[in-house]
Amino acid sequence: MKAWMRLTGEDPLQLVRIRDDAFAYADLSDGFLRLIVIDGDFETDFFRIADALLEAGGEFMDVGANHGLLSFGIARRSGGRVRFHLFEPNPKLQTSIAKSLALYPSMQVQINPMAVSDKDGTVLFDVDEQQTGASHITESGALPVPSIRLDTYIKEKHLDRVDLVKLDIEGYELTALRGAENALKTRCMKAIYFEYFEKCLVRVGPPSGLIDFLDSRDYEVCFCRVADIQTQGVSPTTTIKRGLPGHGLPLIPVRSRKIPAMTDLLALPKENLVGI
């Protein structure tokens with residue numbers, strides 16, 4: 001497909017189906033994004049969990065939005081009940097997001113062309129032209145971009161709760177959470193779905209540091225993906241309390257269990273969970 005686009009001069013930014021009748025634009029010169037077209041299956045675990053947690057609507061933060069595909073996948077089903085906050089510092093991707101947004105005229109959304117970090121101001125951002133999802137904050141020799149703490153953003157937008165935060169920022173998840181100390185303390189953040197990728201997490205510290213940080217703030221980190229739960233060899237042990245969004249989601253706390261080197265995990269306030 002990439003060779004064909006070079007030969008024909010076709011725009012690599014193509015409309016792709018995310019799920020059901022949800023579509024958005026993605027750069028198909030990116031090998032990872034081409035898998036959306038090839039496999040016909042995209043982030044089914046995330047959407048299952050997001051649908052449950054956002055069933056009644058609320059605030060969704062897409063931190064490391066890339067082309068915004070997860071947000072647009074939610075938006076098609078949300079019926080206008082969800083308010084979206086996308087964070088993406090890559091200028092090329094901001095253009096792509098804007099093009100997709102034209103397909104969703106009723107979507108309540110704030111596009112934030114900035115990185116999420118533990119400081120307000122500026123950070124250096126290394127843009128990977130071959131695989132945009134691999135772009136990340138770095139210490140030197142990269143593009144300066146605006147940065148913001150989630151605590152600052154939440155205060156500026158007068159948010160009293162964020163129903164779901166998605167974090168996928170190539171190892172800097174802990175850095176972002178350090179900038180959300182108040183949101184964690186006050187339980188403003190009701191659920192955090194984040195990438196756990198040891199190869200990237202070591203950019204900031206030992207991978208276990210991310211789990212320990214959330215545990216020390218009384219958030220339970222859980223296996224939430226179907227394959228991870230099946231691998232544990234036991235039935236799900238935990239769910240969200242009755243009466244709260246997401247009740248019935250099957251979960252297994254990761255404590256004392258081996259975590260795959262690359263997966264997605266879900267963190268929730270411990271007091272909002274119950275055994276099953």
Side-chain angles (χ1 to χ4, degrees), residues 1-47 50 60-78 84-107 109-116 123-138 141-147 166-173 193-195 197 199-200 203 262-264:
M1 186 179 289
K2 190 173 181 179
W4 172 258
M5 289 178 175
R6 283 200 304 266
L7 286 170
T8 62
E10 187 173 357
D11 188 345
L13 199 62
Q14 296 286 321
L15 194 64
V16 299
R17 187 178 74 85
I18 305 166
R19 62 167 179 162
D20 303 331
D21 61 344
F23 291 82
Y25 286 92
D27 186 346
L28 296 188
S29 67
D30 184 323
F32 175 77
L33 294 172
R34 285 199 300 277
L35 291 176
I36 299 172
V37 177
I38 295 169
D39 294 346
D41 181 35
F42 181 62
E43 297 289 358
T44 53
D45 284 300
F46 169 80
F47 286 123
F60 172 60
M61 286 188 170
D62 192 346
V63 181
N66 201 265
H67 287 278
L69 301 185
L70 297 185
S71 287
F72 293 123
I74 294 170
R76 182 59 72 195
R77 285 196 181 186
S78 71
F84 296 85
H85 308 264
L86 279 64
F87 298 84
E88 178 51 60
N90 186 336
K92 180 179 179 181
L93 294 173
Q94 293 159 21
T95 301
S96 169
I97 290 170
K99 188 171 184 178
S100 294
L101 189 55
L103 304 173
Y104 298 82
S106 64
M107 186 176 177
V109 60
Q110 175 70 49
I111 308 298
N112 301 287
M114 57 185 66
V116 170
V123 295
L124 296 177
F125 193 72
D126 185 10
V127 175
D128 189 320
E129 297 291 351
Q130 300 302 312
Q131 185 179 337
T132 54
S135 304
H136 59 86
I137 294 171
T138 188
L143 176 71
V145 299
S147 69
K166 183 229 82 180
L167 280 173
D168 183 355
I169 47 178
E170 300 303 295
Y172 285 82
E173 288 77 12
Y193 185 97
F194 64 95
E195 182 181 63
F197 189 8
K199 179 181 177 180
C200 293
R203 291 169 174 158
M262 183 179 182
T263 190
D264 295 322

- Message: Could you tell me if the side chain of Phe42 sits less than 4.5 Å from the side chain of Leu70, heavy atoms only?
- Response: yes
- Query: Is there a donor-acceptor pair under 3.5 Å between the side chain of Gln14 and the backbone N or O of Pro12?
  - Reply: no
- Message: The criterion is ring pair (Phe, Tyr, Trp, His ring centres under 6.0 Å); which residues satisfy it with Phe72, sequence neighbours excluded?
- Response: Tyr104
- Query: To the nearest 0.5 Å, what is the distance between CG (Leu69) and CD1 (Ile74)?
  - Reply: 11.5 Å
- Query: With sequence neighbours excluded, what pairs up with Thr138 under the side-chain contact (heavy atoms from CB on, under 4.5 Å) test?
  - Reply: Leu124, Asp126, His136, Ala142
- Message: Would you compute the distance between atom CE of Met114 and atom CZ of Phe125 and round it to the nearest 0.5 angstrom?
- Response: 13.0 Å
- Query: Looking at CG of Leu101 and CD of Gln94, how far apart are the two atoms once the value is rounded to the nearest 0.5 Å?
  - Reply: 13.0 Å
- Task: Mind checking the CD-CZ spacing from Gln110 to Phe84? Nearest 0.5 Å is all I need.
- Result: 13.5 Å
- With sequence neighbours excluded, residues passing side-chain hydrogen bond (donor to acceptor under 3.5 Å, both in side chains) with Tyr193: Asp264
- Message: Once side-chain hydrogen bond (donor to acceptor under 3.5 Å, both in side chains) is applied, do any residues pair with Lys92, and if so which ones, sequence neighbours excluded?
- Response: Asp27
- Restricting to pairs with a member in residues 64-77, which pass side-chain hydrogen bond (donor to acceptor under 3.5 Å, both in side chains), not counting sequence neighbours? Asp20-Arg77, Asp51-Arg77, Asp62-Ser71, Asn66-Thr132, His67-Ser96
- Arg17 (side chain) donor-acceptor with Ala22 (main chain) under 3.5 angstrom: no
- Minimum side-chain heavy-atom gap Glu43-Arg19 below 4.5 Å: no
- Message: Rounded to the nearest 0.5 Å, what separates atom OG in Ser100 from atom CG in Leu13?
- Response: 7.0 Å
- Message: In the structure I gave you, are the side-chain heavy atoms of Tyr25 and Leu103 within less than 4.5 Å of one another anywhere?
- Response: yes
- Query: Under the ring pair (Phe, Tyr, Trp, His ring centres under 6.0 Å) test, which residues partner Phe87, sequence neighbours left out?
  - Reply: Tyr153
- With the side chain counted from C-beta on, respond yes when Leu143 and Pro91 share a heavy-atom pair under 4.5 Å apart, and no when they do not. yes
- Message: Is any side-chain heavy atom of Leu86 closer than 4.5 Å to one of Val109?
- Response: yes
- Message: Evaluate Val63 against Ile169 for side chain to side chain contact (heavy atoms under 4.5 Å, CB included), listing each step before the verdict.
- Response: CA-CA 7 Å; Val63 181; Ile169 47 178; 4.0 Å; yes
- Nearest heavy atoms of Ser135 and Val127, plus distance in Å: OG-CA, 3.5 Å
- Message: Return the NZ to CD distance between Lys166 and Glu195, rounded to the nearest 0.5 Å.
- Response: 9.0 Å
